[in-house]
Amino acid sequence: MSSDCVVASPVGRLRLVARDGALAALEWTDADLSPPTTPLLRRAAEKLERYFAGTLKVFDLPLAPEGTDHQKRVWAAMCNIPYGATGTYGALAREAKSSARAVGTACSRNPIPIVVPCHRVVAAGGRIGGYSGRGGLDTKRVLLALEGVAPAGDLFESDRLEGLRAAR
């Protein structure tokens with residue numbers, strides 16, 4: 001059985017989907033806000049709120065992302081990148097016994113962004129790389145800035161970033 005809710009965040013409205021007692025998806029949406037209706041969704045929404053407030057460093061939620069075995073290995077490796085740090089596509093590729101390109105593809109197909117922190121994956125030399133979530137690189141910059149990370153060679157300024165800083 002699945003349930004969902006829509007919550008507000010500094011990076012837009014997020015739809016949380018729970019399935020069989022685990023968080024299965026986090027998606028950007030334009031849908032109306034809707035409150036969490038299950039204990040898991042309430043917990044996930046509360047943890048996201050704390051994350052965006054800068055008081056939560058680790059999401060300890062049951063997760064059930066759907067994907068290939070390779071994607072699940074990459075997503076598990078992403079979860080090992082600590083708050084405030086980054087890992088490169090190449091390092092994740094070595095950990096997942098894969099290629100950097102395949103890691104990039106797994107990042108772009110991550111069904112639970114933010115919680116499974118694909119925003120912490122950067123290109124060689126600390127360059128920002130890509131981001132497939134709504135808002136693209138602006139959103140990635142906001143998430144990294146929230147965690148105190150500035151990618152190398154990135155101007156790292158935007159109206160959204162300044163708005164997040166002002167809200168904290």
Side-chain angles (χ1 to χ4, degrees), residues 7-16 23-29 44 47-168:
V7 299
S9 84
V11 293
R13 289 184 182 175
L14 304 173
R15 178 176 176 251
L16 306 175
L23 189 63
L26 183 154
E27 309 162 338
W28 276 265
T29 183
K47 289 183 179 295
L48 279 168
E49 186 175 317
R50 288 181 45 218
Y51 170 79
F52 285 114
T55 62
L56 180 83
K57 309 286 189 238
V58 176
F59 287 96
D60 59 342
L61 295 164
L63 304 177
E66 290 186 14
T68 66
D69 288 343
H70 171 264
Q71 290 167 339
K72 289 177 182 178
R73 279 195 311 275
V74 171
W75 300 332
M78 279 182 217
C79 288
N80 292 329
I81 303 170
Y83 180 98
T86 58
T88 64
Y89 295 100
L92 283 177
R94 286 187 293 280
E95 187 173 339
K97 296 178 177 44
S98 181
S99 70
R101 184 176 301 270
V103 166
T105 299
C107 286
S108 72
R109 295 194 176 136
N110 175 9
I112 315 173
I114 302 171
V115 176
V116 175
C118 53
H119 61 277
R120 295 180 189 153
V121 181
V122 297
R127 292 182 322 274
I128 195 159
Y131 193 69
S132 62
R134 183 176 286 177
L137 292 180
D138 281 346
T139 298
K140 185 171 184 171
R141 287 181 185 103
V142 167
L143 295 170
L144 289 172
L146 173 74
E147 297 183 16
V149 177
D154 190 48
L155 295 178
F156 213 73
E157 293 298 327
S158 74
D159 293 337
R160 293 175 75 187
L161 178 58
E162 290 305 316
L164 180 63
R165 286 182 181 150
R168 289 182 76 199

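Using a 4.5 Å heavy-atom threshold, the side chains of Val103 and Thr88 count as separate. For the pair Thr105 and Val74, the minimum side-chain heavy-atom distance is 4.5 Å or more. Taking the side chain as every heavy atom from C-beta outward, Thr86 and Val121 never approach each other to under 4.5 Å. Side-chain contact between Tyr89 and Cys107 is present, with at least one heavy-atom pair separated by less than 4.5 Å. Looking at Tyr83 and Arg120, their side chains come closer than 4.5 Å, going by heavy atoms from C-beta outward.
With rounding to the nearest 0.5 Å, the separation of NZ in Lys140 from SG in Cys118 is 7.5 Å. The distance from the CD1 atom of Ile128 to the NE2 atom of His119 is 11.0 Å, given to the nearest 0.5 Å. From Thr29, atom OG1 reaches atom CZ of Arg134 across 6.5 Å, with rounding to the nearest 0.5 Å.
Of all non-hydrogen atoms in Ala93 and Ala100, the two that sit nearest each other are CB-N, 3.5 Å. Taking each heavy atom of Ser9 and Phe52 in turn, the nearest pair found is CB-CE1, 3.6 Å. Nearest heavy-atom pair, Tyr131 versus Pro113, reported as atom, atom and distance to 0.1 Å: OH-CB, 3.8 Å. When all heavy atoms of Pro117 and Ile81 are compared, the pair lying nearest together is CG-O, 4.5 Å.
Ser98 meets the side-chain hydrogen bond (donor to acceptor under 3.5 Å, both in side chains) test with His70; sequence neighbours excluded. Residues satisfying the side chain to side chain contact (heavy atoms under 4.5 Å, CB included) test with Arg50, not counting sequence neighbours, are Glu46, Lys47, Thr55, Leu56. Legend: residues meeting salt bridge (Lys or Arg N to Asp or Glu O under 4.0 Å) with Arg15, ordered by chain and number and at least two apart, are Asp4, Glu27. Every residue was checked against the side-chain hydrogen bond (donor to acceptor under 3.5 Å, both in side chains) condition with Asp69, not counting sequence neighbours, and none meets it. In this structure Phe59 satisfies the ring-ring contact (aromatic ring centres under 6.0 Å, His included) test together with Tyr51, sequence neighbours excluded. Applying the salt bridge (Lys or Arg N to Asp or Glu O under 4.0 Å) rule to Glu66 yields the partners Arg19; only residues at least two apart in sequence or on another chain are considered.
When atom types are taken as modelled, the side chain of Asn110 and the backbone of Val116 share a donor-acceptor pair closer than 3.5 angstrom.
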Go through the steps for Trp28 and Arg13 under the test side chain to side chain contact (heavy atoms under 4.5 Å, CB included), then give the verdict.
CA-CA 6 Å; Trp28 276 265; Arg13 289 184 182 175; over 6 Å; no

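With salt bridges taken as basic N to acidic carboxylate O contacts below 4.0 Å, none links Glu147 and Lys57.
Applying side chain to side chain contact (heavy atoms under 4.5 Å, CB included) to Leu16 and the options Ile112, Val115, Leu48 leaves one that passes, Leu48.
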